[in-house]
Amino acid sequence: MVIHPMTMQTDIAPILQHATNGHRLSPDQLRTLLSSDDWTSIAAAGHTERQRRHGSHVATWTAFRVINYTNFCNIDCSFCSFKDEIESDRGYTLSLEQIEAKTLEAKELGCDAIFFQGGVNPHLALSYYTDAFRMISAHGMHVRALSPVEVFRLAQKEGLEVPALLEILKAAGLGSVPGAGAEILTDRMRQVLSPKKLSWQEWCETMGHCHRAGLPGSCNIVFGSSETVDDLVEHLTYLRDQQDLSGGFLSFVPWVFQAQTKNFPIRHVKSWEYLRMVGAARLFLDNIPHIEVSIMVLGRELAELGLYAGADDISSIVIEENVLASRGLKTIRAAEKFLTEAGFTPRRRTLGYELVP
Ligand code: SF4
């Protein structure tokens with residue numbers, strides 16, 4: 001364990017003041033915040049900034065279904081259990097009919113979007129994706145699909161440049177892209193987490209292509225393994241730099257690793273440490289409009305506190321999620337009740353962050 005939370009006693013008040021006065025924080029200032037034990041001040045400043053941007057009373061939610069279309073994957077991330085050897089009889093790839101059945105079920109339950117994500121399966125043709133996207137959008141559902149590594153590998157397999165692939169996918173109905181697969185974007189942590197995945201430069205470049213193609217989305221961080229404070233700072237700085245260049249990140253979502261495999265060491269991220277991340281991210285990521293907390297991973301109590309530390313959105317309802325054990329809200333009523341009880345006026349949004357009347 002590398003993060004030593006109770007060690008630095010630097011007075012952070014001038015940094016918090018600087019940020020809440022509308023000035024950009026430097027990476028060094030972020031490092032100071034993420035090394036400080038004064039997490040309540042950071043969370044309070046994050047909440048002040050969230051109020052300045054979005055008002056005090058409203059918090060948003062959205063309703064989508066995750067469809068994990070295949071669990072075949074040749075990337076082999078050290079933390080992931082959602083993968084299967086290509087020859088294994090435990091592997092699956094959903095047929096178009098199965099995808100359509102799940103789409104219609106989601107629509108019936110009140111979802112307006114499908115989150116289409118899977119392993120990196122080298123045996124799937126481009127037509128598998130275009131047929132699925134056309135079908136999903138024909139049912140009036142927004143298609144959010146394909147993390148940067150899926151986009152990158154599919155382009156390689158098809159012999160296409162990424163922008164050319166994105167035009168084809170967009171014409172078929174792709175509407176936005178998830179921020180998945182970033183975990184921690186530093187050279188050192190890429191080696192620990194997933195040496196065969198994209199480098200941080202490739203991840204950012206692929207996101208830049210998506211944004212320029214008119215495909216916005218989210219970005220995230222997944223922490224709670226062997227990362228250092230420097231890794232966290234570097235990661236958030238790359239995201240902010242990329243946003244300056246391409247501007248398509250609608251939201252930032254801080255996640256923590258969940259235990260999936262026996263071989264990957266994770267640590268318990270303390271609640272206050274998570275809230276410090278939410279607040280610091282709200283202050284540092286001045287060019288990303290929204291901060292989401294994930295009930296699915298964090299549970300309700302911590303997600304509720306996150307809404308008072310800088311976050312303005314709870315993301316879910318998630319109807320299905322095979323990759324991680326879900327603690328998420330399962331119904332529209334549950335989402336509205338959760339936000340109301342937390343002290344907010346719930347507003348439904350689309351995946352593009354437009355408020356639903
Ligand atoms: S995290 Fe994604 S890319 Fe990595 S092994 Fe799992 S499914 Fe494959």
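- Considering every non-hydrogen atom in both N220 and A182, the closest pair reads OD1-CB, 3.8 Å.
- In terms of heavy-atom proximity, I291 sits nearest to P254 at CG2-CD, 4.4 Å.
- Here the closest heavy-atom approach between residue A145 and residue V177 is recorded as O-CG1, 3.7 Å.
- No hydrogens or angles considered: a donor-acceptor pair under 3.5 Å links the side chains of H142 and S176.
- Taking a cutoff of 4.0 Å between a charged side-chain nitrogen and a carboxylate oxygen, E202 and K197 do not qualify as a salt bridge.
- Looking only at distances, no side-chain donor or acceptor of S218 sits under 3.5 Å from a matching main-chain atom of P178.
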Would you sort out whether T103 and M141 count as a side-chain contact (heavy atoms from CB on, under 4.5 Å), showing the intermediate values? CA-CA 8 Å; T103 302; M141 304 286 266; 3.9 Å; yes

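- Here the side chain of R282 pairs a donor or acceptor atom with the backbone of L285 at under 3.5 angstrom.
- With R50 contributing its side chain and G55 its backbone, the two residues share a donor-acceptor pair below 3.5 Å.
- Ring to ring, Y92 and F72 are not that close: their centroids are 6.0 angstrom or more apart.
- For CD of Q156, the number of neighbouring non-hydrogen atoms (other residues, nucleotides, ligands) closer than 6.0 Å is greater than 12.
- For the side chain to side chain donor-acceptor pair (under 3.5 Å) with Y238, the qualifying choice from R240, E234, Q242 is E234, the only one to do so.
- In this structure, C210 and L166 have side chains that are in contact, with non-hydrogen atoms separated by less than 4.5 Å.
- Each of F252 and Y353 belongs to its own hydrophobic cluster when Ile, Leu, Val, Met, Phe, Trp and Tyr are linked at side-chain heavy-atom distances under 4.5 angstrom.
- Under 4.0 Å is where a charged nitrogen must lie from a carboxylate oxygen, and between D286 and R24 at least one such pair does.
- Aromatic ring centres of F344 and Y308 lie closer together than 6.0 Å.
- The shortest side-chain heavy-atom distance between C219 and I288 falls under the 4.5 Å cut-off.
- By the 4.5 Å heavy-atom criterion applied to side chains, L30 and V233 are counted as neighbours.
- When every heavy atom of L351 is checked against every heavy atom of R144, the shortest pair comes out as O-NH2, 3.2 Å.
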Check the pair V192 / S226 against side-chain contact (heavy atoms from CB on, under 4.5 Å), numbers first and verdict last. CA-CA 9 Å; V192 173; S226 58; 4.0 Å; yes

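- The closest side-chain heavy-atom distance from D231 to I184 is below 4.5 Å.
- No path of Ile, Leu, Val, Met, Phe, Trp and Tyr side chains, each step under 4.5 Å between heavy atoms, connects L250 with L215, placing them in separate hydrophobic clusters.
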Do Q258 and V222 pass the side-chain contact (heavy atoms from CB on, under 4.5 Å) test, and can you show the C-alpha distance, the side-chain angles, and the key distance before you say yes or no? CA-CA 9 Å; Q258 285 190 308; V222 191; over 6 Å; no

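- The closest donor-acceptor contact from the side chain of H211 to the backbone of L245 lies at 3.5 Å or more, if one exists at all.
- In this model, no donor atom of one side chain and acceptor atom of the other lie less than 3.5 Å apart for H235 and E227.
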Give the intermediate values and the outcome of side chain to side chain donor-acceptor pair (under 3.5 Å) for residues S147 and E150. CA-CA 5 Å; S147 63; E150 292 168 271; 2.9 Å; yes

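- Taking a cutoff of 4.0 Å between a charged side-chain nitrogen and a carboxylate oxygen, E105 and K102 do not qualify as a salt bridge.
- Cation-pi geometry between R65 and F115 is not met at under 6.0 angstrom from the ring centre and within 45 degrees of the axis.
- Hydrophobic clustering, with ILVMFWY side chains joined whenever heavy atoms are under 4.5 angstrom apart, keeps V356 apart from I332.
- No donor-acceptor pair under 3.5 Å is formed between the side chain of W203 and the backbone N or O of V149.
- Note on E158 versus R153: no salt bridge recorded, every NZ/NE/NH1/NH2 to OD/OE distance being 4.0 Å or above.
- The pair R348-D112 counts as a salt bridge, with a side-chain nitrogen and a carboxylate oxygen less than 4.0 angstrom apart.
- Residues E49 and R53 are paired through a salt bridge, judged by an N-O separation under 4.0 Å between the basic side chain and the carboxylate.
- Hydrophobic clustering (ILVMFWY, side-chain heavy atoms < 4.5 Å, transitive): F257 and M189 are in one cluster.
- Contact of the T340 side chain with the P346 side chain is registered, since non-hydrogen atoms from C-beta on lie closer than 4.5 Å.
- Salt bridge E292/R349: present, at least one basic N to carboxylate O contact under 4.0 Å.
- Side-chain N or O atoms of N21 include none that pairs as donor or acceptor with a backbone N or O of H18 at under 3.5 Å.
- Relative ring orientation between F133 and F116 is described as perpendicular, the plane-to-plane angle rising above 60° on a 0-90° scale split at 30° and 60°.
- Side-chain N or O atoms of Q243 include one that pairs as donor or acceptor with a backbone N or O of F249 at under 3.5 Å.
- Summarising the geometry, atom CG belonging to L339 is positioned 8.0 Å from atom OG1 belonging to T60; distances are rounded to the nearest 0.5 Å.
- Here the CG-CZ distance, from L232 to F284, works out to 11.5 Å after rounding to the nearest 0.5 Å.
- Separation of atoms CZ (R190) and CG (L198) is listed at 7.0 Å; rounding is to 0.5 Å.
- With contacts defined as side-chain heavy-atom distances shorter than 4.5 Å, the pair V293/L302 does not qualify.
- At a cut-off of 3.5 Å, with distance as the only test, no side-chain donor of D313 or H290 sits close to an acceptor on the other residue.
- One finds the CD1 atom of I295 at 4.0 Å from the CD1 atom of I314 (value rounded to the nearest 0.5 Å).
- Of all heavy-atom pairs spanning A311 and V278, the tightest one is N-CG1, 3.7 Å.
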The test is side-chain contact (heavy atoms from CB on, under 4.5 Å); show your working for Y128 and L94 and say whether it passes. CA-CA 10 Å; Y128 176 86; L94 298 181; 4.2 Å; yes

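- Expressed to the nearest 0.5 Å, how far NZ of K157 lies from CG of L126 amounts to 7.5 Å.
- Annotation: the span from R31 atom CZ to S36 atom OG amounts to 14.5 Å, rounded to 0.5 Å.
- Using modelled atom types, one side-chain atom of N121 and one backbone atom of H123 make a donor-acceptor pair closer than 3.5 Å.
- The shortest heavy-atom contact between T93 and Q98 is O-OE1, 4.1 Å.
- At least one side-chain heavy atom of M277 sits less than 4.5 Å from a side-chain heavy atom of L236.
- The side-chain heavy atoms of D312 and L307, taken from C-beta on, include no pair separated by under 4.5 Å.
- Between Y274 and F223, the ring planes lie parallel to each other; the angle is under 30°, not in the 30° to 60° tilted range.
- Judged by distance alone, with hydrogens and angles left aside, the side-chain atoms of E336 form no donor-acceptor pair with the main-chain N or O of R333 at under 3.5 Å.
- Cluster membership check: L96 shares its hydrophobic cluster with L146, using side-chain heavy-atom separations under 4.5 Å among Ile, Leu, Val, Met, Phe, Trp and Tyr.
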Please assess E341 against K337 for the test salt bridge (charged side-chain N to carboxylate O under 4.0 Å, His left out), listing each intermediate value before the final yes or no. CA-CA 6 Å; E341 287 178 352; K337 184 166 181 281; 3.2 Å; yes

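- Side chain of R276 to backbone of L34: a donor-acceptor contact under 3.5 angstrom is found.
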